[in-house]
Amino acid sequence: MPVVFEKCAEDGTSFFLLNTPNSSYIITVLKNRIVSHSGWGRRIEKWSGNAAIWKTDRGVNLPPDLDPRNLSLDTLPQEYGAPGKSDFRPSSIDVAFKDGSRALDLRYFSHNLIEGKPQIKGLPATYALEGTEVQTLALTLKDTVFDVYVTLFYAVWAERDIICRWAEVENKTQDKIKLEKVMSACIDFACSDFRMFQLSGSWGREHKAYIRELVPGTQSIESRRGSSSHHQNPFVALLAKDASEDSGEVFGFNFVYSGNFEARVDVDFVEAARFSMGINSYNFGWNLEAGASFAAPEVVMVYSKDGLGQMSRTFHDLYRERLCRGEWQLKPRPIVINNWEATYFDFDEKKLCALADAAKEAGVEMFVLDDGWFGNRFDDRRALGDWVVNTQKLKGGLPYIVSEMKKRGLGFGLWVEPEMVSPESELFKAHPDWCIHIPGREMYLARTQLMLDLSRQDVVDYLFETLSDIFASAEISYIKWDFNRYMTDVFSEKLDAEHQQEMPHRYVLGLYSLLERLTAKFPHILFESCASGGGRFDPGILYYMPQIWTSDNTDALSRITIQAGTAVVYPPSAMSCHVSAVPNHQTGRITPLAQRAFTAMAGTYGYELDMTKLAKDEIAQIAEYSALYKKIRSVVQFGDCYRLVSPWEKSGRIEKYAAWINVSKDKSHAVVTISWIYAEAYAPKIVLKLKGLDENADYKDLKSGNVYSAKELMYFGLILANMWGGNASEQVLLEKI
Ligand code: DGJ
């Protein structure tokens with residue numbers, strides 16, 4: 001079984017050994033019931049317990065009760081750091097008691113082994129199917145004075161190198177307590193010999209990989225913006241000093257949450273590293289009434305002994321198979337045309353139909369009508385909230401435009417941005433109190449819009465009814481759910497002063513409950529999330545919507561870096577990528593069509609340009625790319641993805657390019673893609689050593705007809721033609737023979 005519990009008779013300690021196929025995670029309960037972390041690393045079969053405690057004399061560092069001088073809470077690795085009792089590292093939990101005191105002394109109380117993976121109430125999380133794929137350890141700690149219980153959950157996957165952690169706090173005192181911070185996971189690594197890998201950026205520049213050495217003090221990432229944000233993805237990996245793409249130990253952490261988060265690594269005075277991840281304590285407070293409990297969201301923790309690449313594939317498989325749900329979870333995704341960059345707000349039925357005609361010819365399967373179809377929405381300054389078709393633009397309403405698409409053999413998708421309201425809208429006039437604002441303060445607008453207060457049940461119910469009506473009003477098979485501003489003026493008119501700090505988390509819970517109801521009611525709809533591109537690209541969202549618009553920047557060169565960063569954690573099936581026009585609307589750059597197409601084929605593929613302006617031969621060329629994508633999409637979306645060269649690596653004297661290979665799960669097909677960021681004239685020879693093929697098989701290059709042994713391709717490499725003369729991207733399709 002994945003979880004083993006043993007007592008060590010000699011010294012009164014006991015321990016839990018949590019085993020995944022290649023990793024072991026050890027928790028020791030000391031004889032004074034302090035719960036200590038004893039390590040996480042390569043799988044071991046037996047644990048002697050001898051290495052459990054660091055017994056150097058640290059008398060100066062305040063010992064706890066039973067074991068003076070050689071045991072200090074300040075240096076002892078813990079499973080959950082409690083404040084105020086001599087562990088001076090950042091705490092995992094902060095509680096204010098009725099008397100105003102804030103110290104906690106958490107000790108082992110009980111434990112429970114659960115077959116399967118319990119749900120976390122109201123929160124998205126990875127799930128286990130019935131059977132033995134997960135065993136969950138629920139380890140309950142209790143404060144030595146107050147009846148406050150903290151249960152730490154460890155869901156251990158039998159066939160994946162994953163442990164999912166979360167925490168629940170229960171108040172069994174007679175009084176209300178105030179939670180000021182609740183981390184979901186804390187791990188005290190014995191040393192700090194790691195590099196920290198993070199995905200950071202901004203709008204249009206999401207998920208760039210940054211790698212830094214750990215040094216004493218704090219290194220952290222966070223969001224205080226109300227959503228997980230463009231700026232820092234809720235993901236961190238700790239890379240052993242010798243770890244690379246394909247070797248060495250990597251520990252990956254991803255937070256299944258879409259609101260404010262923090263992830264930090266604190267290196268202390270003995271150069272040990274405490275990793276913590278959870279809801280950001282900025283603007284967070286939760287009043288826990290007597291008898292109530294609070295659940296902190298899940299952290300997915302991946303162990304890889306084979307470098308960053310294996311970590312990515314472990315995340316990809318888990319998210320595709322046990323996070324995403326519904327009819328579209330494993331169904332090949334349609335090629336879409338989205339009218340946003342083709343028309344912006346300036347469209348009518350005729351224009352859309354003309355675009356659909358061209359798109360149909362170009363091999364598109366789904367027409368997505370973006371912003372501007374409702375109310376008085378002629379620009380982005382008004383009408384959000386007025387979800388009624390604008391019949392000046394769409395004379396026959398939604399049913400008519402849907403039928404026009406159907407006639408052309410296209411599915412129909414619709415854009416909505418339900419969490420927002422424009423001050424100039426009927427909704428705002430009717431319910432000025434529904435937006436997030438602080439009475440008496442100027443409302444700050446972003447993109448001339450305000451956020452609706454989804455911490456309120458009445459607002460969530462209203463949105464459910466309104467959206468249900470729209471989704472049912474015509475044959476809509478795709479929804480693009482947008483979210484285009486961050487949260488400011490945090491306040492809810494429904495909450496009293498004491499509860500105001502609950503608002504940001506209540507907002508996220510409200511959003512999740514709305515998405516749960518809508519996705520259950522409309523299971524046939526493919527939901528795509530969007531937040532000005534990747535402003536809410538996180539596993540919490542993927543639980544409801546299996547794909548996400550990766551970035552508003554559609555420039556192929558920018559996308560190489562953005563998509564490579566995103567795919568460090570998230571599977572290609574989750575990454576929505578479109579071919580757009582040149583010069584590109586965000587960067588002004590001109591890139592070859594082949595590069596735009598091959599780069600977009602790294603994820604779920606589509607188009608976002610005015611095809612009516614293209615010449616016949618360009619449409620024909622695009623049709624070829626569409627046909628190609630249809631052929632390879634199941635390999636890309638649901639196969640294994642290996643990075644051959646990452647944009648964050650320098651390759652010889654070549655500035656930068658990226659190359660990757662998608663291999664079908666049965667290894668029968670592979671797609672190799674290379675895309676240049678910096679094209680050179682008469683560029684040096686590129687030799688790509690392939691990965692992931694069936695070592696004992698031969699593969700045929702479907703274009704040239706050349707046959708290679710897999711070993712040749714993997715050990716000696718594929719030599720690509722010179723990348724010059726505008727040939728900035730190339731794709732090779734391989735078939736096992
Ligand atoms: C931001 C999105 O990311 C774009 O794709 C587009 O849908 C606009 N919003 C529409 O306002």
Side-chain angles (χ1 to χ4, degrees), residues 201-207 225-231 233 258 336-347 351-352 355 366-387 390 393-394 412-422 424-425 445-452 470 476 478-486 526-538 541 545 547-556 558-559 562-563 566 574-581 584-587 596 600 603-610:
S202 72
W203 174 88
R205 211 163 28 78
E206 295 90 338
H207 305 158
R225 293 163 186 270
S227 76
S228 46
S229 89
H230 298 88
H231 306 77
N233 196 263
S258 310
V336 306
I337 174 106
N338 179 303
N339 74 309
W340 179 241
E341 288 196 16
T343 67
Y344 295 104
F345 292 101
D346 180 19
F347 60 84
K351 223 182 196 179
L352 297 181
L355 183 59
M366 174 85 66
F367 186 96
V368 179
L369 176 55
D370 211 280
D371 196 354
W373 58 268
F374 52 91
N376 190 23
R377 187 81 170 164
F378 290 94
D379 55 30
D380 65 4
R381 291 165 183 270
R382 62 207 91 239
L384 285 174
D386 297 343
W387 302 111
N390 179 323
K393 291 185 182 185
L394 301 176
F412 180 79
L414 192 65
W415 178 97
V416 288
E417 195 183 0
E419 298 161 72
M420 301 290 162
V421 60
S422 308
E424 191 184 320
S425 68
L445 301 179
R447 212 189 187 213
T448 332
Q449 64 196 54
L450 295 160
M451 283 176 76
L452 287 175
I470 300 165
I476 295 172
Y478 183 106
I479 286 293
K480 178 176 171 189
W481 182 295
D482 210 345
F483 171 90
N484 285 308
R485 69 156 288 176
Y486 291 125
L526 170 55
F527 282 87
E528 172 169 304
S529 173
C530 172
S532 303
R536 206 162 54 180
F537 207 125
D538 60 63
I541 288 294
M545 312 199 233
Q547 62 185 56
I548 302 177
W549 179 229
T550 312
S551 176
D552 273 356
N553 186 346
T554 55
D555 174 87
S558 306
R559 276 295 188 118
I562 294 168
Q563 291 170 193
T566 307
M575 266 190 336
S576 180
C577 311
H578 294 172
V579 172
S580 61
N584 177 267
H585 291 195
Q586 294 78 39
T587 63
R596 281 176 279 152
T604 61
Y605 183 73
Y607 300 96
E608 178 127 3
L609 74 168
D610 188 354

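Remember, it's 1-based here, ligands and their atoms both numbered in the order they're listed.
Using a 4.0 Å cut-off between heavy atoms, E341 makes no contact with ligand 1 at all. Only side-chain heavy atoms of K480 come within less than 4.0 Å of ligand 1; its backbone N, CA, C and O stay farther off. In D482, the part holding a heavy atom less than 4.0 Å from any atom of ligand 1 is the side chain.
Which parts of ligand 1 touch C530 is read off a 4.0 Å heavy-atom cut-off, strictly below it: atoms 2 (C), 3 (O). The contact set between ligand 1 and W415, taken as ligand atoms under 4.0 Å from a residue heavy atom, comprises 7 (O), 10 (C), 11 (O). Short contacts between ligand 1 and N484, defined as distances under 4.0 Å to a heavy atom of the residue, involve ligand atoms 1 (C), 9 (N). Numbered from 1 in the order shown, with element, the atoms of ligand 1 that lie under 4.0 Å from a heavy atom of R447 read 9 (N), 10 (C), 11 (O). Atoms of ligand 1 found under 4.0 Å from any heavy atom of W549 (numbered from 1 in listed order, with element): 3 (O), 5 (O). The contact set between ligand 1 and G533, taken as ligand atoms under 4.0 Å from a residue heavy atom, comprises 3 (O).
Shown here is R382, whose CZ atom has more than 12 heavy atoms of other residues, nucleotides or ligands within 6.0 Å.
Using a 30° and 60° split on the angle between ring planes, H578 and W549 fall in the tilted class, from 30° to 60°. The aromatic rings of W387 and F374 sit tilted relative to each other, their planes meeting at an angle between 30° and 60°. Using bins of under 30°, 30° to 60° and over 60° for the plane-to-plane angle, the ring pair F537/H207 lands in the perpendicular bin.
F345 has its ring centre less than 6.0 Å from the ring centre of W340.
For T343 against K351, the heavy-atom pair with the smallest separation is CG2-CD, 4.3 Å.
Residue contacts with ligand 1: D380 is excluded, as none of its non-hydrogen atoms falls under 4.0 Å. Residue E528 places no heavy atom under 4.0 Å from ligand 1.
If you check which protein heavy atom lies closest to atom 3 (O) of ligand 1, you get D552 OD1, 2.3 Å.
In summary, of the residues considered (L394, L355, N338, I476), a side-chain contact (heavy atoms from CB on, under 4.5 Å) with L369 occurs for L394 alone.
Heavy-atom proximity to atom 6 (C) of ligand 1, evaluated over T550, L384, D371, D370, is greatest for D370.
Taking 4.5 Å as the limit, every side-chain heavy atom of L609 sits out of range of all side-chain heavy atoms of T554.
In summary, D386 and R377 do not engage in a salt bridge, as defined by a charged side-chain N under 4.0 Å from a carboxylate O.
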